[in-house]
Number of protein chains: 2
Amino acid sequence: MRAVFERQDTLPLIAEVFREFGYEGATFSRITERTGISKGSLYHFFPDGKEEMAAHVLAHIDAWFEAHVFTPLARDEPREAVAQMWRAVLDYFHSGRRICLVGVFAMDETRDVFADAIKGYFQRWIKALKQALVRAGVGRARAQDLAEECVAGIQGGLVISRATGEAAQFVRTVRRLAARVDDELSG
Amino acid sequence: MRAVFERQDTLPLIAEVFREFGYEGATFSRITERTGISKGSLYHFFPDGKEEMAAHVLAHIDAWFEAHVFTPLARDEPREAVAQMWRAVLDYFHSGRRICLVGVFAMDETRDVFADAIKGYFQRWIKALKQALVRAGVGRARAQDLAEECVAGIQGGLVISRATGEAAQFVRTVRRLAARVDDELSG
DNA sequence: GTCTATACAGTGATAGAC
DNA sequence: GTCTATCACTGTATAGAC
């Protein structure tokens, strides 16, 4: 009996291995152990091996954020979209117990292959948030500042939470950032 | 002709390799290539191998921050110490072109051996900053919030700068954080 | 499609010549 | 103290049985 039958289904499992051990630390033995899929089958799903796995995992994450964060910010009523962003972020990162794989890969310059994907993820996030803030009436310069501050703050909160082992620190960080945005929107 | 003769002198070079490639990616061949020291000599300096190297590198970084940031925050006139912290941070991280190795190691849970050192680094930073803010007249709860926000913001700014390739983003992040602290101190 | 068997390079680590 | 030679092992990757 196997729980996984489609390549798409393996991505979340493989993603967790990359998250826990980083790119170099995510070895085939750890991936087979976690997924229950042998090396041979993994190469059947991902003919180009580890690099292809990582690329698909990144694309998977990107699609999630595109659907749950970036697109709402660009399309929905801005205040509601921002509120939705905070909910999505707390949910996705398990209230600080889960780190950002894109951030992890960003810190590792071993493989420039992913540089564009990583850069695009953060730039689109900042841009979408900025434009939502502008649509909500915030000045362009201030909106850019706030958006950079929020996206950077989220990453930093994840690092500190993971480092100290206190997930609550991430939740506090998000609350502070949300409050600052609210102040700006109502003030 | 060799430029390095003492173990202490090798640490900054080895640290850069860990910074660029992460713990797993920092292989002996890369370290020997960067330092010009053979494996045999590296094991002479660090009998316990890579793990000992990483431990010494972390201790080296910790000592630098202790001397240039934490101790000044605890001892000097608080406003001046905070200003010194921003200078030290911009300087140490090369205005956003260099990442935080402690942050990189924090994201990697391969080796719990360093967990305490990593945790201590961030906790002492937050605590020292908080106490300096308290000595400068900020309320305890607000000081704790601000300190967490600053240390997390620095880490996040480094991640975003590295990801986007725009070091200037880190400088802006630091400026924003410094302005917020200044507001609190004068307001 | 899934697996086992295997190739081959590179890993951390050790021994020993000088 | 510094290096080279070598170790056992694990890494990614491939071939091929079923």
Is [X] salt-bridged to [Y], cutoff N-O under 4.0 Å?
{"X": "B/R34", "Y": "B/E20", "result": "yes"}
{"X": "B/R19", "Y": "B/E16", "result": "yes"}
{"X": "A/D145", "Y": "A/K130", "result": "no"}

Subject >> Step-by-step side-chain hydrogen bond (donor to acceptor under 3.5 Å, both in side chains) determination, B/H56 to B/R7 >> reply: CA-CA 10 Å; B/H56 276 92; B/R7 187 181 74 171; 3.2 Å; yes
[X] [atom1] to [N] [atom2]: how many Å, rounded?
{"X": "B/E33", "N": "C/dT11", "atom1": "CD", "atom2": "C1'", "value": "16 Å"}
{"X": "A/E24", "N": "C/dG12", "atom1": "CD", "atom2": "C1'", "value": "15 Å"}
{"X": "A/H44", "N": "C/dC3", "atom1": "NE2", "atom2": "P", "value": "11 Å"}
{"X": "B/K39", "N": "D/dC7", "atom1": "NZ", "atom2": "P", "value": "13 Å"}
{"X": "A/I37", "N": "D/dT12", "atom1": "CD1", "atom2": "P", "value": "16 Å"}
{"X": "B/L42", "N": "D/dT4", "atom1": "CG", "atom2": "P", "value": "12 Å"}
{"X": "A/F28", "N": "C/dA9", "atom1": "CZ", "atom2": "C1'", "value": "15 Å"}
{"X": "B/F45", "N": "C/dA13", "atom1": "CZ", "atom2": "P", "value": "17 Å"}

Original post:
Is there a path of hydrophobic side-chain contacts, each under 4.5 Å between heavy atoms of I, L, V, M, F, W or Y residues, that connects A/I37 with A/F46?
Top reply: yes
**OP:** Respond yes when some side-chain nitrogen or oxygen of B/S41 is under 4.0 Å from OP1 or OP2 of D/dG1, and no when none is.
**Re:** no
Does the plane of the ring in [X] sit parallel, tilted or perpendicular to the ring in [Y]? Use 30° and 60° as the thresholds.
{"X": "A/W125", "Y": "A/Y121", "answer": "perpendicular"}
{"X": "A/F18", "Y": "A/F105", "answer": "perpendicular"}
{"X": "B/F93", "Y": "B/F65", "answer": "tilted"}

**OP:** Calculate, to the nearest 0.5 Å, the distance between atoms CG and CG belonging to A/L129 and A/L146 respectively.
**Re:** 7.5 Å
Polar atoms only, N or O, under 3.5 Å: list the protein pairs with nucleotides 8-10 of chain D and their distances.
none

**OP:** Before giving the answer on side chain to side chain contact (heavy atoms under 4.5 Å, CB included), spell out for B/T27 and B/I31 the whole-Å C-alpha distance, their side-chain angles and the decisive distance to 0.1 Å.
**Re:** CA-CA 6 Å; B/T27 62; B/I31 295 173; over 6 Å; no
Original post:
Centre of A/F28's six-membered ring, under 6.0 Å away, within 45 degrees of the axis: is that where NZ or CZ of A/K50 sits?
Top reply: no
Subject >> Residues within residues 47-58 of chain B bordering DNA chain C, heavy-atom distance below 4.0 Å >> reply: B/G49, B/K50
Distances under 3.5 Å between protein N/O atoms and the N/O atoms of nucleotides 16-18 of chain D, please, pair by pair.
none

Original post:
What salt bridge (Lys or Arg N to Asp or Glu O under 4.0 Å) pairs are there with at least one residue in residues 153-173 of chain B, not counting sequence neighbours?
Top reply: A/E109-B/R162, A/E148-B/R172
**OP:** Could you name each residue pair satisfying salt bridge (Lys or Arg N to Asp or Glu O under 4.0 Å) that touches residues 178-187 of chain B, not counting sequence neighbours?
**Re:** A/E149-B/R180, B/R142-B/E184, B/E149-B/R180
Original post:
Between B/Q123 and A/T164, is there a donor-acceptor pair closer than 3.5 Å when you use the side chain of the first and the backbone of the second?
Top reply: no
**OP:** Report which part of the nucleic acid B/Y43 touches: base, sugar-phosphate, or nothing (heavy-atom distance under 4.0 Å, all strands).
**Re:** base
Original post:
So how far off straight is the helix from C/dG1-D/dC18 to C/dC18-D/dG1, going by the axes through five pairs at either end, to 10°?
Top reply: 0°
